[in-house]
Q: 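So that we are looking at the same thing, I have put the structure below in structure tokens.
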2 protein chains.
Amino acid sequence: MSKYGYFDSENKEYVITRPDTPLPWINYLGAEQYCALFSNTAGGYSFYRDPKERRITRYRYNNVPQDRGGRYVYIRDNKTEDFWSTSWQPVMKKDKYECRHGIGYSIITTEYAGVQTKTTYFVPLGENLEIWMLEIKSRKAVDLSVFPFVEFCLWDALNDMTDYQYNLNIGQTEYKDHIIYHLSRYRVSQDVVGFLACANAIPKGFDTQRRDFLGTYGDFHNPRAVEEGKMNNSIACGWAPVGALMLPCHLKANETKTFIFVLGFSEDINEPAKKVKKFSRKDVVLKELARLKEYWAESLDKFSVRTPDNELNLMANTWNQYQCRTTFNWSRSASYYESGIGRGMGFRDSNQDTLGFVHMIPEKVKERIKDLAATQLPDGSAYHQYSPLTKKANPSDHKYGDDHLWLIYSVASYLKETGDLAFLKEKVTFAGEDKGTMYEHLARAIKFSLKHIGSHGLPKILFADWNDCLNLDQGKGKAESVMVAQMLVGAAYEMAKMAELLNKKKDAKFYQQVADKMKAQINKASWDGEWYVRAYTDECEPVGAKVCPEGKIYLESQAWAVMSGTADRERGLKCMDSVHRHLATEHGIQVMTPPYSKFYYQLGSIGVYPPGLKENGAIFCHPNPWAMVAECLLGRGDRAYEYYRAILPAARGEIADLHKTEPYVYCQMIAGKFHKDFGEGKNSWLTGSACWNFVAMSQYILGIRPDYQGLKIDPCIPKAWKGFSVKRTFRGADYLITVRNPYGVSKGVQNIVLDGKKVHGNILPAGKPGKEHRVDVMMG
Amino acid sequence: MSKYGYFDSENKEYVITRPDTPLPWINYLGAEQYCALFSNTAGGYSFYRDPKERRITRYRYNNVPQDRGGRYVYIRDNKTEDFWSTSWQPVMKKDKYECRHGIGYSIITTEYAGVQTKTTYFVPLGENLEIWMLEIKSRKAVDLSVFPFVEFCLWDALNDMTDYQYNLNIGQTEYKDHIIYHLSRYRVSQDVVGFLACANAIPKGFDTQRRDFLGTYGDFHNPRAVEEGKMNNSIACGWAPVGALMLPCHLKANETKTFIFVLGFSEDINEPAKKVKKFSRKDVVLKELARLKEYWAESLDKFSVRTPDNELNLMANTWNQYQCRTTFNWSRSASYYESGIGRGMGFRDSNQDTLGFVHMIPEKVKERIKDLAATQLPDGSAYHQYSPLTKKANPSDHKYGDDHLWLIYSVASYLKETGDLAFLKEKVTFAGEDKGTMYEHLARAIKFSLKHIGSHGLPKILFADWNDCLNLDQGKGKAESVMVAQMLVGAAYEMAKMAELLNKKKDAKFYQQVADKMKAQINKASWDGEWYVRAYTDECEPVGAKVCPEGKIYLESQAWAVMSGTADRERGLKCMDSVHRHLATEHGIQVMTPPYSKFYYQLGSIGVYPPGLKENGAIFCHPNPWAMVAECLLGRGDRAYEYYRAILPAARGEIADLHKTEPYVYCQMIAGKFHKDFGEGKNSWLTGSACWNFVAMSQYILGIRPDYQGLKIDPCIPKAWKGFSVKRTFRGADYLITVRNPYGVSKGVQNIVLDGKKVHGNILPAGKPGKEHRVDVMMG
């Protein structure tokens, strides 16, 4: 519960009860090629596939007031001449307000001057358009005008915000058969058409030139055309194309009318008219909305839980999975923090993201992994990013110490989920030339790391590893990463298992040795007494060690020591206790401490940030679940759960004025305790936090963990829990798992009964696709 | 006279009488390294040297409402709780308003609720800061609070508007000794400090975090801190740093108080306090303002006229020169249309720009030409652009057919102005390696063109020529440019003269032959009957010829035929008559006609624009003066003057609602007659229109034209003019020239009397520096 809203678990909606949330609280509409970033006051923008090249509507990032620019509907009372908007912004008048963010749709209801409006926004499946269905009702008879409004982007989002001597001259629109066509660039490319129309009523007027609709110094909150109730029927030729319509709306007392607005994109100029016609009936719109809800319900239904923690349930069953799925769609491209013009698909990001949705869409994960592998270089390293539109790598990128190793983790996760060992034999091209089986791709990843070993016997960090800001290589090429070394240990153990399964005994032995040797090397070179060193600079000085004046301890190399099997139990407990002592706070675990009070050239860009922000000592929500996994592996369920709760968005709604970001999705970062706004969140939605928290919660805390042989049951829960249940689809079969914990333990499975039969060990064999299995688990 | 303002010629000011100009009407403050773009409602931004890397304040281009973001001062009446701003924007309340744009300073006076404010904005010479001097007076006793406000940019203007996951975490400020320091990035670079202070009063409170000052959804027009009259003393650490102060201000009836605000930049964190102290007294501020005015008066005093055309006088004496000088400072980098993040110094632009200010600052032109020559390649061609900060060329640019030839024109202009023939012997490095005398640089430019000749015997156009949008080379490398051929003729004639002066007889003969042969070739290959063809496509098809379905005639190849000496008198008259018939309109001469109704791949990007905009048939103000020059060379003074008047900004004030851009500076483009807003201007201030209109007016219409031997007197004026006078500094001597035209001719000088003695011919020999000469010219 928050002063700004609450979860409606029945409808799988988050209900926002006042419009002035600390930051815009966003939803993503569109599950396929069309995406609409949508805030709780209808702010945001839409794009088709690529937010840089096919930006449909214009949005001003970092705007004043915040989140101004969206899909607005103005209402004017023609008698009183008062006017307002149906989503609070931009006129900012309301008597009542509510926004329901659902899975793939949002509904905003408001009331002002006795007029109730309910606007349902969604992107129908298979369509490149969005519906705004406005239901409008008045307590008394009124004569209204209704104005849907959108500002068009000139397609290329970067050019749109930089090159005015050019782009103030390319705008073009047309108004034909009551449809506004946005045709800028169509002269040249003939493949980009935007459109706005009312599908079920005929406009009385329109405007497509911004100046005419708003007035010369008019603002979105007081458009001249709305103030005056008079459109200019303007056609844009240059300047700023917009779409605005005026629809008459006479309502009797308590009468309801419905307007269906369609905003869309097409590559064919003849298509919009057909699409507008298709959605001209309310029953069709409602059917499409129902179909969308079914689609999502089916998607999310692959995993659901019931635990004593209602906020965990809300996140696990709906929002965490939905967020994971959103990172599948849009990686890090377009959010309230990612302006959609820069980053493509990250190799490291995208491999990790798959962990969060492989149970939902394994076949798509397979395709994604192949795309990623195709940007791996023949030497085993990987390009850091590639374009989602062309799938071509960006070759000017730096080389990172870790990127290529993540491929092993994503492939392992895919294999464990699906059992599809044949995938390892599939051939995929390396970047540029050369083909190899997926197994060969993974082998070369290991090989690359082994070829770049530094003076402590550890892999070199190159430009950076997971921590982008540790740019330790100052030209000598000597800097090393303990975290990469640990990732290598874990990856080599994983490779040994895969080799075993493929019956490659020699390989299996080799990888086992690689892991064992690297593990020994780390423990020899990088144990600092109470925790593991994080890295070594180009001058071979340790980073994240007691001798360091600042940045004495880092989270990553402790959690990964345990996750990878590098640490024995004693060191594992010790280093994770150090994490608890030095890094853990009530708002989550800081990535390191103490933060750097100044900029150290030898450490790279980490010191760019003030203490407590980002890599410089913030609570990064991405590695926090690594600590949860580590604690679960160590059997300390209460501590793992404490970490889980600290950053759980749903549990932070009460401190929304501090946390600021959405209480239904993870943010990348929470300010650390060295920052004056300790606990303040930033950069929500598109973050690796989504997948890793899902993995930590589902596979380690609840312990429902796919493995090569089957579905492992290995919970590590708070002792106080009496039990929980999980419904999990695994390799096509459904498992209804009930876990009881009568003895109040954290870990340990006493026995498992599968469909009435006792199971040996704690791995459920894969059942028959389509079958449903009952599993009873007794902890103790 | 315009409904928006008028010229105050005595004070060399343009006075804007209402704030809601069709577009923001801009002034440039700062003559050296600090630049403040300043609109009539105090909008705009400031930067130090480079608007991309050292952007001091934040500005949102293409904002709604337009031009929101600037240097604002809010006033709050603490009794009534009403508040407003001293520059209309952003609160948009006023009873009275006036803005005076002067040369290097602006003054905004407003009155609201009986409180009068006058704010003088300027950048003192030698300083990297701007002063806002606020004089405030009330009719009755009032208790006010005064809030100066600015939003800081995070230095890198492109990053500032794109990379929020990063830049929402780097903001830092400090408040110390009543000064707000903006320290983002200072952690790293220690060389960028912004600051805001009140130099002569002590603030009662401050804010440096935007959210705290504005409120969560607050707007610039209603900051919460101003509404409530209460500051939060916030320090930014991340998010959006701003500078805002609150100063108490009790006024008795008719009392005046003065506040001096200082906004500035420094590379030394200890400097701001000293600077603030320096400007803490009003008399110091006024002295600095006076010094600035003197500086400009001296600068502009090198050339002044008195003609029967008052609007010509206003432009010639003040605004046209001021605009030229501004293009020297900022090339095409930062204007209301150039967002300051893209274009560096253009080779073509900058060479031409020098023509407009070589009489003011010849020594700086020499340096500029050397910078330009240093980006010429050893093969004679040139890089298209270079960075103003590093002076390094941008090597990824395309190669253009014309760039290198402009160097010959700028050098010739410099030599004619100064007589500094030794410059030709100075050695300047070519890009990359290799040194050569300036003469060698020019020789290689000619050589490059001669090496790239196509099938019509004309130079190839390569990526484009002056008309950036004629991208005719589709990969075959065959496309040719008639305009470049004509430029080559003119340049070779110029080279022949220079060779002569250096006593290089063989060279002189060679260049004469080059010119003669190319001239003959153009006349043989490219005369289309009534005008010259413009170019040839990669398929050798003509562009700008009668056979073309669209784009039948272009302006450039007619004007340049005459300017370069390519056309004999008969063809010159004929082609310029064709210009008059087909291209001239009441709003100026269109660059071509009819515009392309669709996009033709073989013609390149010209068809990107709708008909009547930009290169696709707009009135380009840059080549218009070429037609004026051509008409003057043909002796048709009335027509040249008609062309001059058509685009003269000062003459377009009456149609300001159509023309839209400032009536005191040239804009790049006016919509052509195929556009629905025929006559609408766009892209003012930083345009080659400034220099060329100055050249056409001063050297050809008034005919005061520097030549190698001295100052040529060769007017070509409207027959109705009875005469005019000019004061001109030339090679250090002052010439007071009076021209009489008792016989009502356009052209022809009957006799010239210099200091009482008759001169043979029409060239005044260079006088002694410091001397003043009286020149009486009789036309007839």
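Remember, predicted model here, so these are calculated numbers, not experimental data. Below, read A as the first sequence line, B as the second, and so on, with proteins coming before strands; counting in each chain starts at 1.
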Q: Has T173(A) got a side-chain atom pairing as donor or acceptor with A236(A)'s backbone, closer than 3.5 angstrom?
A: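 It does hold such a pair.
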Q: Under 4.5 Å between any side-chain heavy atoms of Y175(A) and N233(A), yes or no?
A: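 Contact flag for Y175(A)/N233(A) side chains = no.
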Q: Strictly less than 4.5 Å between heavy atoms, which residues of residues 675-685 of chain A line up against chain B? Please order them by number.
A: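 Only H675(A), K676(A), E680(A), G681(A), K682(A), N683(A) of residues 675-685 of chain A have a heavy atom under 4.5 Å from chain B.
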Q: For R185(A), is it the side chain, the backbone, both or neither that has a heavy atom under 4.5 Å from a heavy atom of chain B?
A: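 Answer is neither: R185(A) stays 4.5 Å or more from chain B.
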Q: By a 4.5 Å heavy-atom criterion (distance strictly below it), what part of S597(B) contacts chain A: side chain, backbone, both, or neither?
A: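 Backbone only.
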Q: Measure distances from L214(B) to the heavy atoms of chain A and classify the residue's part below 4.5 Å as side chain, backbone, both or neither.
A: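 L214(B) touches chain A through side-chain heavy atoms alone.
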Q: Measure L168(A) against the heavy atoms of chain B and call it side chain, backbone, both or neither at under 4.5 Å.
A: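 Contact with chain B involves both backbone and side-chain atoms of L168(A).
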Q: Between T21(A), L158(A), N62(A), who has the most heavy-atom pairs with chain B when the cutoff is under 4.5 Å?
A: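 Winner by heavy-atom pair count: N62(A).
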Q: Could you give me the CA-CA distance, side-chain angles and deciding distance for I26(B) and L37(B), then say whether side chain to side chain contact (heavy atoms under 4.5 Å, CB included) is met?
A: CA-CA 7 Å; I26(B) 303 285; L37(B) 267 165; 3.6 Å; yes
Q: Extract all donor-acceptor atom pairs below 3.5 Å that involve side chains of residues 608-618 of chain B and protein atoms in other chains or at least two apart in sequence.
A:
residue: K614(B); atom: NZ; partner: Q165(A); partner atom: O; Å: 3.4
residue: K614(B); atom: NZ; partner: Q165(A); partner atom: OE1; Å: 2.6
residue: K614(B); atom: NZ; partner: Q668(B); partner atom: OE1; Å: 3.1
residue: N616(B); atom: OD1; partner: Y596(B); partner atom: N; Å: 2.7
residue: N616(B); atom: ND2; partner: Y596(B); partner atom: O; Å: 3.1
residue: N616(B); atom: ND2; partner: Y609(B); partner atom: O; Å: 2.8

Q: Heavy-atom cut-off 4.5 Å, strictly under: side chain, backbone, both or neither for R210(A) against chain B?
A: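 The side chain, not the backbone.
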Q: Quick one: list whatever passes side-chain contact (heavy atoms from CB on, under 4.5 Å) with V150(B), sequence neighbours left out.
A: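 Expected list: T57(B), W132(B), F152(B), L196(B), L263(B).
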Q: Any sub-3.5 Å donor-acceptor pair from W330(A)'s side-chain atoms to L686(A)'s backbone N or O?
A: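 Checked: no pair found.
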Q: Check whether Y600(A) gets within reach of chain B through its side chain, its backbone, both or neither, counting any heavy atom under 4.5 Å.
A: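 Contact with chain B involves no heavy atom of Y600(A) at all.
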Q: Side chain, backbone, both or neither: which part of R60(A) has a heavy atom under 4.5 Å from chain B?
A: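 Side chain only.
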Q: Where the side chain of S85(A) meets the backbone of S87(A), is there a donor-acceptor pair that is under 3.5 Å apart?
A: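 Such a contact is absent between S85(A) side chain and S87(A) backbone.
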Q: Is Q172(A) in contact with chain B via its backbone, its side chain, both, or neither, using a 4.5 Å heavy-atom distance?
A: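 Contact with chain B: side chain only.
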Q: Has N63(B) got a side-chain atom pairing as donor or acceptor with R68(B)'s backbone, closer than 3.5 angstrom?
A: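 Yes, the answer is positive, given that a donor and an acceptor are paired below the 3.5 Å cut-off.
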Q: Are the aromatic rings of Y164(A) and Y166(A) close, with centres under 6.0 Å apart?
A: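 So the answer is no for these two rings.
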Q: Under the side chain to side chain contact (heavy atoms under 4.5 Å, CB included) rule, what do M161(A) and S339(B) come out as? Steps first, then yes or no, please.
A: CA-CA 9 Å; M161(A) 63 170 105; S339(B) 60; over 6 Å; no
Q: What option among G238(A), G607(A), G171(A) has the most heavy-atom pairs under 4.5 Å with chain B?
A: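 Max contact count across the listed options: G607(A).
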Q: Which of the residues E338(A), M92(A), R211(A), Q190(A) is involved in the greatest number of heavy-atom pairs with chain B at under 4.5 angstrom?
A: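 The option with the most such pairs is R211(A).
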Q: Looking at K660(B), Q89(B), M669(B), which makes the most heavy-atom pairs under 4.5 Å with chain A?
A: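 Ranked by contacts with chain A, first place is K660(B).
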Q: Can you tell whether the side chains of R58(A) and D160(A) come within less than 4.0 Å, N to carboxylate O?
A: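 A salt bridge links R58(A) with D160(A).
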Q: What part of L23(A) lies closer than 4.5 angstrom to a heavy atom of chain B: side chain, backbone, both or neither?
A: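 Contact with chain B: backbone and side chain both.
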Q: I need the contact set between residues 218-227 of chain B and chain A: heavy-atom distance under 4.5 Å, sorted by residue number.
A: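 Residues G218(B), D219(B), F220(B), H221(B) are the ones that qualify, each having a heavy atom under 4.5 Å from chain A.
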Q: Between D20(B) and T216(A), do the side chains contain a donor N or O and an acceptor N or O under 3.5 Å apart?
A: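 Per modelled atom types, T216(A) and D20(B) side chains form no pair under 3.5 Å.
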Q: Would you mind telling me which of Y217(A), Y337(A), Y61(A) has the largest number of heavy-atom pairs within less than 4.5 Å of chain B?
A: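 That would be Y217(A).
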Q: Determine the interplanar angle of the W25(A) and Y4(A) rings, folded into 0 to 90°, and report it as parallel if under 30°, tilted if 30 to 60°, perpendicular if over 60°.
A: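 Judged by the thresholds at 30° and 60°, the geometry between W25(A) and Y4(A) is perpendicular.
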Q: Report yes or no: does N167(A) contribute a side-chain atom to a donor-acceptor pair with the main-chain N or O of D163(A) at less than 3.5 Å?
A: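 The answer is yes, because a donor-acceptor pair under 3.5 Å joins these two groups.
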Q: Using modelled atom types and a 3.5 Å cut-off, is there a donor and acceptor pairing between side-chain atoms of S234(A) and backbone atoms of D207(A)?
A: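 It does not hold such a pair.
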Q: Which is it for C621(B) and I670(B) under the side chain to side chain contact (heavy atoms under 4.5 Å, CB included) test, yes or no, and what are the steps along the way?
A: CA-CA 7 Å; C621(B) 296; I670(B) 295 170; 3.9 Å; yes
